[in-house]
S.K.: 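Dropping the structure in here first, questions after.
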Amino acid sequence: PVQTGIRIERAPWTLQTQFAQISRARCAVFPAIARSLPAGLRRRVNKALFHGLPVVGPLADGMTSAADVVLDDWTGGLARLAGGDLEVAAATAQRRFASATDAALAWDAILTEDQRTRQRRKSPVRLLVLADLIQDVDLCAPIIEAAAAQDGVEPRLVLTDWLIKNSPRALAEAQRLGMTPEIVERSAMFEGRAPRLWDVDAVLTPAATNLNPHKFANALIESARAAGLPTFSLQHGLENVGISYVDERHSADVRITSDYVFVWFAPDFAPASSSRARARFLYVGTVKGPSAVAAAPMASFGRPVVAVFENLHWHRYDEDFRRRFVIDLQACAAAFPERLFLLKPHHAGRWAVKATWRGAPKNLQLVDPQAAAWEAFTAPAIIHGSEKVITTPSTVALDAVLEGQRVAVAGYGLDLPSYEPLPILRSGADWIHFVAQEADNHDDRDLQRAFMRRNVLRASAAAEVIETISRLVRAGRLGQDMAASG
């Protein structure tokens, strides 16, 4: 290695890291000399075949030759596998190698030169975008659109089998984007067997923390890091654990696991996050913007609609909060029989679906996100078809402001600085006063503008996200090329 200038990378001998290395590889060379492969090495060979890699190695019992497998012939194997653009460079490998290590070094030299050639030609930045949770879809969509619209960036959309099973809308959205998504099993991703990473320059997943709901996305982050790829995630809520929010369940031990996280706020409005988290911040704004609701417009109900949202984190609210929310919502609906109140629970917790509603007025309708009639309608689509919006502390507040709708936040006994100066509802009278107000209230518009200045550097920032990823990837390529040539 000293004489040839080839860099040899080493990694701990674990299935996770070895599988990640194979996922990043262009060719797999196995230095086994026995006629029978050990079980562990056989798994790695099968892993390489699973990813469609060329495999070069000595013949072993139980292994059969195929179009992409060359056994017992280093010279012919590497020469044949180095066809096409690498044919000339492969001439350096036309000799009888003394060992598998010599074969690996020669092949590495060929690929290193090929990589430098591609870099000089400004090869595109290949970005893998993962959607695993239902709420990921609406954050990934503008990223994919922005990547597809920019020259020099090739997006690749990966969906998990769990997501498409629980949200048919995910495939419909991929079709709208003109993408043919790659479907991977959650278990395969958790074990580092999928998706392939050898033809990827960077990985983005909306949420990447050490919390259990993010464990599958985090497994991909770990595989990408083992393969030497930069990883990115997004701030996905006004009160985002690991960035700006802690409680008894989500303590300061929650941490962002991606290399970088795109945050919504300007540096001057950054929350008191840990220094480790702040070091990862990229200040661009939110990819959220006014929604394209034409794809799934909500039907008109022939009367004004008040959309009411309850969010995921009901553990945050005590019994008094829950009781008052139910009582005040029902009383407000009863006070305005000419309006329709649509109550939409968060699709993960669905607390409102499980709660007991006694004496609910007829103009209060529960929207179950798992019902086929409602599954296609996102929060922005419902907001767009409503006159006013009321929500428990949730990013729905931002969605409503972006849609140009008036919004209030139910906040019984809670300190909610992230939502100021929006109206905070703390009593039944507050609910009724908010609904009764004129639809076009100039004071409320001023409050919304102040809310946006505090929380969002810019909206519809997907193009800035893609430009930043592209810049960092190309800077990393330049650094690697300079190190190799120096």
Side-chain angles (χ1 to χ4, degrees), residues 234-248 250 252 263-274 277-278 281 283-286 288-290 306-318 320-322 324-325 328-329 332 346 379-380 383 386-461:
L234 308 172
Q235 178 183 348
H236 50 277
L238 279 173
E239 299 176 293
N240 205 125
V241 293
I243 297 177
S244 61
Y245 177 73
V246 296
D247 61 18
E248 70 279 0
H250 303 112
V263 295
W264 297 359
F265 41 79
D268 292 344
F269 292 96
S273 307
S274 68
R278 289 197 301 273
F281 289 174
Y283 301 91
V284 296
T286 176
K288 288 175 171 284
V306 178
V308 183
F309 295 83
E310 59 93 348
N311 79 341
L312 173 64
H313 302 294
W314 271 95
H315 69 269
R316 174 183 187 179
Y317 315 129
D318 58 21
D320 183 62
F321 185 108
R322 299 186 182 97
R324 293 170 68 183
F325 177 84
D328 291 344
L329 169 56
C332 188
H346 192 282
I383 290 168
S386 303
E387 178 190 64
K388 294 180 181 179
V389 177
I390 296 172
T391 181
T392 56
S394 167
T395 306
V396 166
L398 173 65
D399 295 332
V401 172
L402 291 173
E403 291 296 324
Q405 301 289 41
R406 297 180 58 225
V407 58
V409 181
Y412 308 101
L414 297 178
D415 183 24
L416 301 173
S418 296
Y419 300 89
E420 296 175 354
L422 297 177
I424 307 297
L425 309 182
R426 304 188 184 278
S427 68
D430 290 344
W431 283 68
I432 291 175
H433 176 72
F434 174 73
V435 174
Q437 278 185 315
E438 293 291 333
D440 188 11
N441 185 296
H442 294 294
D443 291 339
D444 270 3
R445 301 302 179 192
D446 291 339
L447 296 180
Q448 290 185 353
R449 283 190 286 268
F451 165 79
M452 289 293 289
R453 284 194 300 271
R454 176 173 185 159
N455 289 287
V456 180
L457 176 62
R458 68 172 62 84
S460 303

S.K.: Would you find a donor on one side and an acceptor on the other, under 3.5 Å apart, between the side chain of R458 and the backbone of V284?
M.R.: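 Indeed, once roles are kept as given, a pair shorter than 3.5 Å links the two residues.
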S.K.: Decide yes or no on side-chain contact (heavy atoms from CB on, under 4.5 Å) for F265 and Q235, but give the supporting numbers first.
M.R.: CA-CA 10 Å; F265 41 79; Q235 178 183 348; 3.4 Å; yes
S.K.: How close do S460 and G289 get, heavy atom to heavy atom, and via which atoms?
M.R.: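 Between these two residues, the closest heavy atoms are OG-CA, 3.4 Å.
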S.K.: In the structure I gave you, are the side-chain heavy atoms of E387 and R406 within less than 4.5 Å of one another anywhere?
M.R.: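 They are not in contact (no side-chain heavy atoms under 4.5 Å apart), so the answer is no.
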S.K.: Would you please indicate if the ring centroids of Y283 and F269 are separated by under 6.0 Å?
M.R.: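 Between F269 and Y283, which both carry aromatic rings, the centre distance is not below 6.0 Å.
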S.K.: One pair to check against side-chain contact (heavy atoms from CB on, under 4.5 Å): I390 and V435. What are the steps and the verdict?
M.R.: CA-CA 9 Å; I390 296 172; V435 174; 4.2 Å; yes
S.K.: Is the ring pair Y419/F451 parallel, tilted or perpendicular, if the boundaries are 30 and 60 degrees?
M.R.: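 Parallel, since the angle between the ring planes stays under 30°.
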S.K.: Is the side chain of T395 donor-acceptor paired with the backbone N or O of L238 at a distance under 3.5 Å, no angle test?
M.R.: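 Answer holds: yes.
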S.K.: Can you tell me how far apart CG (D399) and OG1 (T391) are? Round to the nearest 0.5 Å.
M.R.: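 D399 CG to T391 OG1: 9.0 Å, rounded to 0.5 Å.
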S.K.: Run the side-chain contact (heavy atoms from CB on, under 4.5 Å) test on D328 and L425 for me, step by step, so that the C-alpha distance in whole Å, both residues' side-chain angles and the decisive distance to 0.1 Å come before the verdict.
M.R.: CA-CA 10 Å; D328 291 344; L425 309 182; over 6 Å; no
S.K.: When you look at F321 and L414, which way does the side-chain contact (heavy atoms from CB on, under 4.5 Å) test go after all the steps?
M.R.: CA-CA 9 Å; F321 185 108; L414 297 178; 3.8 Å; yes
S.K.: If I compare all heavy atoms of F325 with all of E310, which pair ends up nearest, and what's the gap?
M.R.: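 The answer is CZ-CB, 4.4 Å.
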S.K.: Do the side chain of K288 and the main chain of L398 share a donor and acceptor less than 3.5 angstrom apart?
M.R.: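 Not a single qualifying donor-acceptor pair exists.
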S.K.: Return yes if some donor-acceptor pair links the side-chain N/O of R454 with the main-chain N/O of P417 below 3.5 Å, else return no.
M.R.: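 The answer is yes, because a donor-acceptor pair under 3.5 Å joins these two groups.
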S.K.: Has the side chain of Q448 got a donor or acceptor atom that lies under 3.5 Å from a matching backbone atom of Q405?
M.R.: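 Yes, because the side chain of Q448 sits within donor-acceptor range (under 3.5 Å) of the backbone of Q405.
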S.K.: Quick one, V409 and L416 - any side-chain contact, counting heavy atoms below 4.5 Å?
M.R.: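 V409 reaches L416 side chain to side chain.
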S.K.: Measuring from atom OH of Y317 to atom OG1 of T392, what distance do you get when rounded to the nearest 0.5 angstrom?
M.R.: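 So the gap between those two atoms works out to 4.0 Å.
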S.K.: What's the spacing between W264 CH2 and M452 CE if we round to 0.5 Å?
M.R.: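 Atom-to-atom, W264:CH2 and M452:CE are 9.5 Å apart.
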S.K.: So D430 and S427, do their side chains get closer than 4.5 Å, heavy atoms only?
M.R.: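 When only atoms from C-beta onward are counted, D430 and S427 do touch, with a gap below 4.5 Å.
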S.K.: Calculate, to the nearest 0.5 Å, the distance between atoms CZ and CG belonging to R324 and D318 respectively.
M.R.: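 One finds 9.0 Å between CZ of R324 and CG of D318.
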